[in-house]
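Each remark here refers to the structure printed beneath this line.
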There are 4 protein chains.
Amino acid sequence: MSASKRQQILDTALVLFVEQGLEGAATAKIAKEAGVATGTLFHHFANKQELVSALYLAIKGELAERLPPVTSEIPTREMAGKMWQASMEWALSHPDKLRFLLAYYQSPVLTPETRRTAKFETLGFVLELIKVGQARGELANYPHELMMEVCHSLFMASAGHFIDHPDQAADPEQHQAAMTIFWNALAAPGHHA
Amino acid sequence: MSASKRQQILDTALVLFVEQGLEGAATAKIAKEAGVATGTLFHHFANKQELVSALYLAIKGELAERLPPVTSEIPTREMAGKMWQASMEWALSHPDKLRFLLAYYQSPVLTPETRRTAKFETLGFVLELIKVGQARGELANYPHELMMEVCHSLFMASAGHFIDHPDQAADPEQHQAAMTIFWNALAAPGHHA
Amino acid sequence: MSASKRQQILDTALVLFVEQGLEGAATAKIAKEAGVATGTLFHHFANKQELVSALYLAIKGELAERLPPVTSEIPTREMAGKMWQASMEWALSHPDKLRFLLAYYQSPVLTPETRRTAKFETLGFVLELIKVGQARGELANYPHELMMEVCHSLFMASAGHFIDHPDQAADPEQHQAAMTIFWNALAAPGHHA
Amino acid sequence: MSASKRQQILDTALVLFVEQGLEGAATAKIAKEAGVATGTLFHHFANKQELVSALYLAIKGELAERLPPVTSEIPTREMAGKMWQASMEWALSHPDKLRFLLAYYQSPVLTPETRRTAKFETLGFVLELIKVGQARGELANYPHELMMEVCHSLFMASAGHFIDHPDQAADPEQHQAAMTIFWNALAAPGHHA
DNA sequence: AATGAATGAGCGTTCATTCAT
DNA sequence: GATGAATGAACGCTCATTCAT
């Protein structure tokens with residue numbers, strides 16, 4: 001029961017944070033909506049800030065889990081395509097989670113520490129993929145940090161776009177377009193689509 | 001004096017919002033820091049929400065003002081390059097303003113109305129540029145909304161990256177890389193760098 | 001009006017602190033009882049702790065004001081008697097104030113800083129009196145700090161006793177006894193009553 | 001183990017109450033620090049109030065145990081001196097306990113009932129000593145209650161003073177002075193030191 | 001007896017906003 | 001227009017206490 005109460009709180013917090021913002025969602029409201037007492041929330045999370053961080057990391061972790069392992073047995077473009085597709089499928093089936101990441105990635109309420117953990121622990125595979133692609137000459141030789149930012153922002157922007165416009169998300173051509181944009185942004189000369 | 005007080009409030013609000021978040025920056029704190037009375041803030045802005053919106057639109061407007069007019073007399077790639085450079089120069093000389101846009105673009109505290117105004121009034125020229133580029137066959141024929149999201153997110157991510165890493169911002173090669181990524185993302189086949 | 005609200009809060013706080021203890025008297029209760037809004041209390045005192053300290057120092061200061069100036073023109077015993085009487089009169093006409101000092105002098109809720117201020121700023125005259133008396137050979141040559149503690153505790157205990165037992169406070173002989181105890185405690189050999 | 005848990009709780013409560021005040025020391029904190037579960041504390045003490053009272057009475061009782069029995073076979077002054085010395089030795093070797101008594105004797109958190117029990121059950125011998133001394137003409141004929149208050153307050157003040165100033169506690173002359181003050185305060189005329 | 005997760009009333013404090021001056 | 005004291009609802013959080021295990 002205890003673990004489930006913790007989870008209920010996280011689930012409810014996600015919905016309320018996305019709907020009403022971090023400050024719009026009072027801890028008492030979250031607890032009530034989750035069907036637990038106010039005190040229970042603070043039994044599981046030392047304070048509201050920690051609830052936000054825990055939620056952020058849980059979501060990033062969940063995304064990371066859904067992704068296929070990086071392998072160099074297939075061309076980088078194919079590998080990147082699989083990644084993109086898996087991520088996008090996850091995003092479209094968990095729109096609230098994507099929106100939460102989108103809304104608070106840059107917010108000052110997230111500690112740099114939390115951001116860092118999210119970046120390196122859960123997105124380490126992106127860096128790996130970039131290195132492999134560069135070694136094979138399939139990806140351009142831009143600085144790694146810049147490339148990671150580009151990966152992150154293009155995916156987030158595309159996913160957000162599709163979530164905001166479900167009609168367009170239903171069109172495979174648009175998905176194809178988004179993936180092509182992503183690939184062309186980072187491909188080495190001669191490897192563009 | 002009155003007009004200047006309004007501006008003092010906006011200037012102070014920007015700094016405090018970026019440093020401490022929207023809710024971390026109490027109106028009383030903003031007023032005090034700006035050197036005006038609490039009540040004065042509410043003479044100039046009906047409520048806090050309006051202060052946030054006014055600040056958001058003022059910043060977007062300031063950015064729009066710095067940009068060169070869209071013209072079809074030069075190749076799209078050159079035009080896009082000028083746009084990118086002018087935007088980036090503005091961003092790097094106003095890091096707080098960029099960070100503010102970055103942090104609150106996706107936040108639920110901004111009304112959809114404000115977001116819409118920002119998008120169409122101040123970023124209308126981006127759409128214009130896309131249309132011109134597509135007509136000439138220099139830009140790919142992706143859906144306009146998707147392309148605008150990509151423009152926005154790539155610029156924001158790159159500018160944020162350079163502001164966070166001033167050492168890398170000093171390297172012209174990195175700026176070149178960022179621009180190339182931007183161009184390649186949207187260029188029509190055969191027009192990649 | 002503003003100064004009076006501050007005073008209303010102090011007056012109400014005194015009563016509630018004595019009746020219900022520091023923690024029993026919620027800030028909201030104090031404000032309500034004082035006829036002001038909760039926020040007003042915090043407009044005048046940064047936090048509850050500061051309200052307690054301000055009250056403590058205000059009371060000590062009020063007592064100090066009531067006392068006659070130390071002079072060496074009369075015998076030490078007479079001088080001490082005047083002090084004692086003036087203090088006791090004040091205490092008996094402000095029983096709540098005396099009780100407040102009594103209850104919180106040793107409490108860990110008072111910062112050492114506040115205690116120190118009370119001791120030296122408002123009770124400096126006691127030290128002065130002791131020095132004069134010793135110079136004249138009328139007071140015993142015990143260490144000053146010990147003597148001050150004795151002065152303080154004998155007065156507090158006696159005043160508390162009389163406040164708890166109004167019937168005994170009405171008997172001049174008992175007051176005489178208390179004063180004699182006080183004098184004999186500190187008198188030099190040969191000067192006892 | 002059970003009896004020892006009760007004792008662990010009392011020991012820990014003493015330390016935390018003295019350090020952080022009655023309200024600063026949450027029952028959960030006490031339990032944790034004592035190495036027992038929250039619920040265990042409430043098995044041994046019906047509620048927090050009872051824990052405080054039990055602690056208060058236990059300490060008073062411990063002090064009473066250390067004292068020599070009152071006898072009329074030696075002069076009152078000698079008897080009082082033995083009492084004072086035994087009490088002071090106990091106080092100096094249990095500074096936290098003394099401080100606890102000091103801090104909460106006057107506090108409204110202690111029920112009058114507890115205070116009364118402490119006064120008559122554990123300090124009955126003081127009254128006895130006073131009566132014997134008066135019968136012999138060695139102590140002044142002041143009202144008993146006043147004399148008991150004086151005994152109590154002088155001892156508490158002196159003990160507190162020595163605990164706060166260990167350097168002065170090391171000086172036998174200061175102890176002599178404190179005892180002389182105590183005796184002179186209550187001695188009958190002609191019996192002063 | 002012992003545990004510790006759960007409770008929810010109540011706390012100290014904040015803060016957007018008002019309004020008399 | 002400008003001021004800042006005053007407001008009070010709402011917040012994050014605490015904590016004595018309970019109870020199923």
Side-chain angles (χ1 to χ4, degrees), chain A residues 1-6 9 22-32 35-51, chain B residues 1-6 9 22-32 35-51, chain C residues 1-6 9 22-32 35-51, chain D residues 1-6 9 22-32 35-51:
Chain A
M1 191 69 180
S2 158
S4 103
K5 295 218 168 184
R6 197 191 132 97
I9 293 168
L22 251 31
E23 321 289 327
T27 50
K29 221 190 299 183
I30 296 171
K32 192 172 192 181
V36 304
T38 318
T40 306
L41 190 153
F42 290 96
H43 189 73
H44 290 286
F45 306 93
N47 49 48
K48 192 177 182 179
Q49 172 73 242
E50 278 217 4
L51 169 60
Chain B
M1 193 69 178
S2 159
S4 103
K5 292 212 170 185
R6 195 190 133 96
I9 293 169
L22 250 32
E23 321 289 327
T27 50
K29 218 191 301 183
I30 295 171
K32 190 174 192 181
V36 305
T38 316
T40 305
L41 190 153
F42 288 92
H43 268 293
H44 290 287
F45 306 93
N47 50 46
K48 192 178 181 179
Q49 177 70 245
E50 278 217 3
L51 168 60
Chain C
M1 192 68 179
S2 157
S4 104
K5 296 218 168 187
R6 196 190 132 96
I9 294 168
L22 251 32
E23 321 289 328
T27 50
K29 220 189 301 184
I30 296 170
K32 193 173 192 182
V36 305
T38 317
T40 306
L41 190 154
F42 289 96
H43 188 73
H44 290 286
F45 306 94
N47 50 48
K48 192 178 182 178
Q49 172 73 243
E50 279 218 1
L51 169 59
Chain D
M1 191 67 178
S2 159
S4 103
K5 294 213 169 184
R6 195 191 132 96
I9 293 169
L22 250 32
E23 321 289 328
T27 49
K29 218 191 299 183
I30 295 170
K32 192 173 192 182
V36 306
T38 316
T40 305
L41 189 152
F42 288 92
H43 268 291
H44 290 287
F45 306 94
N47 50 46
K48 192 179 182 179
Q49 176 71 244
E50 278 218 3
L51 168 60

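Protein chains get the first letters and strands the later ones, always in sequence-line order, with residue 1 at the start of each.
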> Does a nitrogen or oxygen in the side chain of B/His44 sit under 4.0 Å from OP1 or OP2 of F/dA2?
Replying inline: yes

> What does nucleotides 16-21 of chain E look like as a protein-contact string, B for base, S for sugar-phosphate only, - for none, at under 4.0 angstrom between heavy atoms?
Replying inline: BBB---

> For A/Lys32 and F/dG12, what is the distance between atoms NZ and C1' respectively, to the nearest whole Å?
Replying inline: 17 Å

>> If I take atom CZ in residue D/Phe45 and atom C1' in nucleotide E/dA2, what distance separates them, rounded to the nearest angstrom?
In response: 15 Å

> Taking CZ from A/Arg6 and C1' from E/dT7, how many angstroms apart are they, rounded to a whole number?
Replying inline: 19 Å

>> From C-beta outward on C/Ala37, which listed nucleotide comes closest to its side chain: F/dT3, E/dT3, F/dG8?
In response: F/dG8

> In terms of the nearest nucleotide of DNA chain F, which residue is placed more toward the 5' end: B/Gly35 or C/Val36?
Replying inline: B/Gly35

> Under a 3.5 Å cut-off for both distances, is F/dA5 Watson-Crick or wobble paired, and to whom?
Replying inline: E/dT18

> Does A/Lys5 have a side-chain nitrogen or oxygen under 4.0 Å from the phosphate oxygens OP1 or OP2 of E/dG4?
Replying inline: no

> OG1/B/Thr38 to NZ/B/Lys32 distance, rounded to the nearest 0.5 angstrom?
Replying inline: 9.5 Å

> Over how many whole Å does the gap from C/Ile9 atom CD1 to F/dT7 atom C1' extend?
Replying inline: 12 Å

> Is there a donor-acceptor contact under 3.5 Å from the side chain of B/Lys29 to the main chain of B/Gly24?
Replying inline: yes

> Between A/Lys48 and A/Leu22, is there a donor-acceptor pair closer than 3.5 Å when you use the side chain of the first and the backbone of the second?
Replying inline: yes

>> Would you compute the distance between atom CZ of A/Arg6 and atom NE2 of A/His43 and round it to the nearest 0.5 angstrom?
In response: 11.0 Å

> If you round to the nearest 0.5 Å, how far is CD1 of D/Ile30 from CG of D/Leu41?
Replying inline: 6.0 Å

> Heavy-atom distance under 4.5 Å between the side chains of D/Thr27 and D/Phe42, does that happen here?
Replying inline: yes

